[in-house]
Student: 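Pasting a structure below so you can have a look.
All heavy atoms count here, side chains included; hydrogens, waters and symmetry mates do not. In the text below, chain A, chain B and the rest are named by the order of the sequence lines, each starting its count at 1.
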Amino acid sequence: MRIAVRIRDLRYVYPDGTEALRGVDLTVAEGERVGLIGPNGAGKTTLLLHLNGLLRGRGDIEILGIPLRKGTLGEIRRLVGLLFQDPDAQLFMPRVFDDVAFGPLNLGLDDGEVRRRVAEALRAVGMEGAADRAPHRLSFGERKRTALATILSMRPAILALDEPTSNLDPRGRREFMELIRGLGATVIIATHDLELVLELCGRAVLMDRGRVIADGPVREILADAELMYSHGLEVPPSLKAWSP
Amino acid sequence: MAEAVPTAGVQRSPLGVIDPRVRIAYAAAFAAFVVLTPARHPFQFLVHGTLVAALYAVSGLPVSSFLKRLGAASAFVVIITLSAFLGWHGEGGSPPFLELALRLWVKPLLAVAGATALVSSMEGHELFFGLRGLGLPRALGDTLIFLLRYAPTLRIQIGELRMAVEARSFGWRGIAGRRRLLSSLGSLVGTAFLRSLYQGEAVYRAMLARGFSGELPRPRVPLKPRDLGFLLSGIALLSLNFAFVP
């Protein structure tokens with residue numbers, strides 16, 4: 001199977017001296033859905049920001065065989081769609097249409113193709129009809145979905161999602177999960193929502209203090225109570241209910 | 001745009017479907033024609049007034065909103081008119097009332113009313129994208145676009161901060177209370193400033209993640225025949241009114 005993401009010995013220190021990543025190794029196959037779990041400060045978000053080249057640490061990153069460096073940044077950003085935790089950071093244009101069109105226009109696509117992609121992305125997230133609305137007039141759930149549309153319109157091969165279900169109500173969360181499930185792309189989700197990981201991902205990667213602590217089948221990792229507790233996490237209630 | 005992206009729920013007035021660039025350009029042209037029309041010919045101002053009424057009728061603006069905008073913009077016109085009358089030192093002791101009224105009151109009022117009907121019927125983003133399309137400097141245009149997007153977000157954040165302050169305060173009475181209020185306001189403004197800085201950084205990252213390279217892109221929107229028709233017929237009408245005095 002083709003490798004979508006290959007990370008070798010990735011290290012990153014923030015300007016204030018915080019060591020956020022301390023030698024991360026990770027390989028994700030194409031089409032795989034991986035849940036990145038861990039306590040606050042584990043380095044999950046920092047790792048996601050590296051996938052898109054927004055942060056540049058020491059170590060090697062390859063996206064679909066393309067090494068991440070200055071010259072390939074444009075190509076990498078086309079391949080990796082990054083969804084931020086806060087939709088207000090992602091939606092910066094005064095109108096939904098312009099926000100969803102921002103990425104495709106930066107790709108240099110012609111106007112007709114841009115409009116097609118905007119319509120398609122908005123339809124995919126159930127926001128058709130919102131093209132002319134102002135983002136600040138949308139509900140939080142609508143803003144989250146629109147934020148996802150802004151990356152879907154670029155048709156990325158890999159989706160890197162940072163806390164995609166935080167602050168969503170149960171219905172919004174359910175809709176979001178169904179949406180992600182139907183996409184068929186390689187998905188890496190950094191989240192505290194362990195039930196989401198359980199339902200959506202085949203594999204879980206547990207991070208703590210900038211290192212990968214455990215990597216394996218989702219049920220195996222999430223059901224390991226000792227492992228979970230020792231890294232500030234808990235076994236999800238649905239797994240507790242089924243355990244003997 | 002409308003062909004590919006459904007805009008259900010957005011009701012456009014007959015004037016609303018005209019390209020913003022054309023509406024802004026026509027507002028400027030209308031103001032110029034009104035200002036240049038000699039104050040000796042009241043009939044021409046009657047035609048201008050009729051045109052404003054027609055523009056207003058097709059703008060879809062509610063009467064109250066139109067009058068509110070007009071009232072705010074024309075307050076200064078009244079002040080100028082009054083001061084001109086009070087300070088008149090021309091020959092004959094009193095000014096030729098009609099001419100002065102046309103020059104000082106009717107002209108600015110008509111220009112403002114025309115611009116209000118043409119521009120107030122736009123959404124904020126249409127106005128800024130329209131101005132950008134007409135050559136507004138990129139940096140200024142982009143700044144206005146961000147301002148339009150983030151002003152409400154900042155307002156909400158300041159509201160939340162204010163509530164957080166009030167939830168843990170017990171009145172601002174007395175000198176000590178006023179001192180606490182001032183100190184809280186200082187912290188609030190500082191925190192709002194820091195939050196907006198962080199927000200700015202986060203937004204910039206999101207922009208970079210989607211291939212931003214220094215300029216806000218915008219799809220090219222060619223002018224439609226109806227836009228050109230509106231502009232040309234409007235200018236022709238103004239020119240006729242300007243050229244032929246009854």
Student: Judged by atom type as modelled, is there a donor-acceptor pair below 3.5 Å linking the side chain of A/K144 to the main-chain atoms of A/Q85?
Tutor: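 The answer is yes, because a donor-acceptor pair under 3.5 Å joins these two groups.
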Student: May I ask you to decide if A/G38's main-chain N or O and A/K44's side chain share a donor-acceptor pair within less than 3.5 Å?
Tutor: yes
Student: What part of A/L83 gets closer than 4.5 Å to chain B, counting heavy atoms only: side chain, backbone, both or neither?
Tutor: neither
Student: A/R117 versus A/L107: any side-chain heavy-atom pair under 4.5 Å?
Tutor: yes
Student: A/A89, A/G81, A/S153: which one forms the most heavy-atom pairs within less than 4.5 Å of chain B?
Tutor: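 Counting heavy-atom pairs under 4.5 Å, the top option is A/A89.
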Student: Please tell me whether A/T45 and A/D162 have a donor and an acceptor in their side chains that are separated by less than 3.5 angstrom.
Tutor: yes
Student: If the threshold is 4.0 Å, N to carboxylate O, is there a salt bridge linking A/R209 and A/E19?
Tutor: no
Student: Hey, what do you get for NE2 (B/H48) to CG (B/N241), rounding to the nearest 0.5 Å?
Tutor: 4.5 Å
Student: Which members of residues 51-59 of chain A, sorted by number, sit under 4.5 angstrom from chain B on a heavy-atom basis?
Tutor: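 Interface residues of residues 51-59 of chain A: A/N52, A/L54, A/L55.
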Student: Only pairs of heavy atoms separated by less than 4.5 Å count here; which of A/E120, A/R78, A/H136, A/Q90 has the most with chain B?
Tutor: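 Top option by heavy-atom pairs under 4.5 Å: A/H136.
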Student: Taking side chain as everything from C-beta outward and backbone as N, CA, C, O, which of these in A/D86 sits under 4.5 Å from a heavy atom of chain B? Side chain, backbone, both or neither.
Tutor: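 Contact with chain B: side chain only.
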Student: Chain B heavy atoms under 4.5 Å from A/F84: which part of the residue, side chain, backbone, both or neither?
Tutor: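 When you check distances to chain B, only side chain atoms of A/F84 fall under 4.5 Å.
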Student: Among B/A209, B/S213, B/A202, B/G200, who wins on heavy-atom pairs under 4.5 Å with chain A?
Tutor: B/A209
Student: Counting only heavy atoms closer than 4.5 Å, note whether B/F129 contacts chain A via side chain, backbone, both or neither.
Tutor: side chain
Student: If you count the non-hydrogen atoms of other residues, nucleotides and ligands that lie under 6.0 Å from CZ in A/R137, is the total more than 12?
Tutor: no
Student: May I ask you to check whether B/Y150 and B/S196 show a side-chain donor-acceptor distance below 3.5 Å?
Tutor: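 No, no side-chain donor-acceptor pair sits under 3.5 Å.
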Student: Indicate the atoms forming the closest heavy-atom contact of B/V203 with A/D88, along with that distance.
Tutor: CG2-O, 4.1 Å
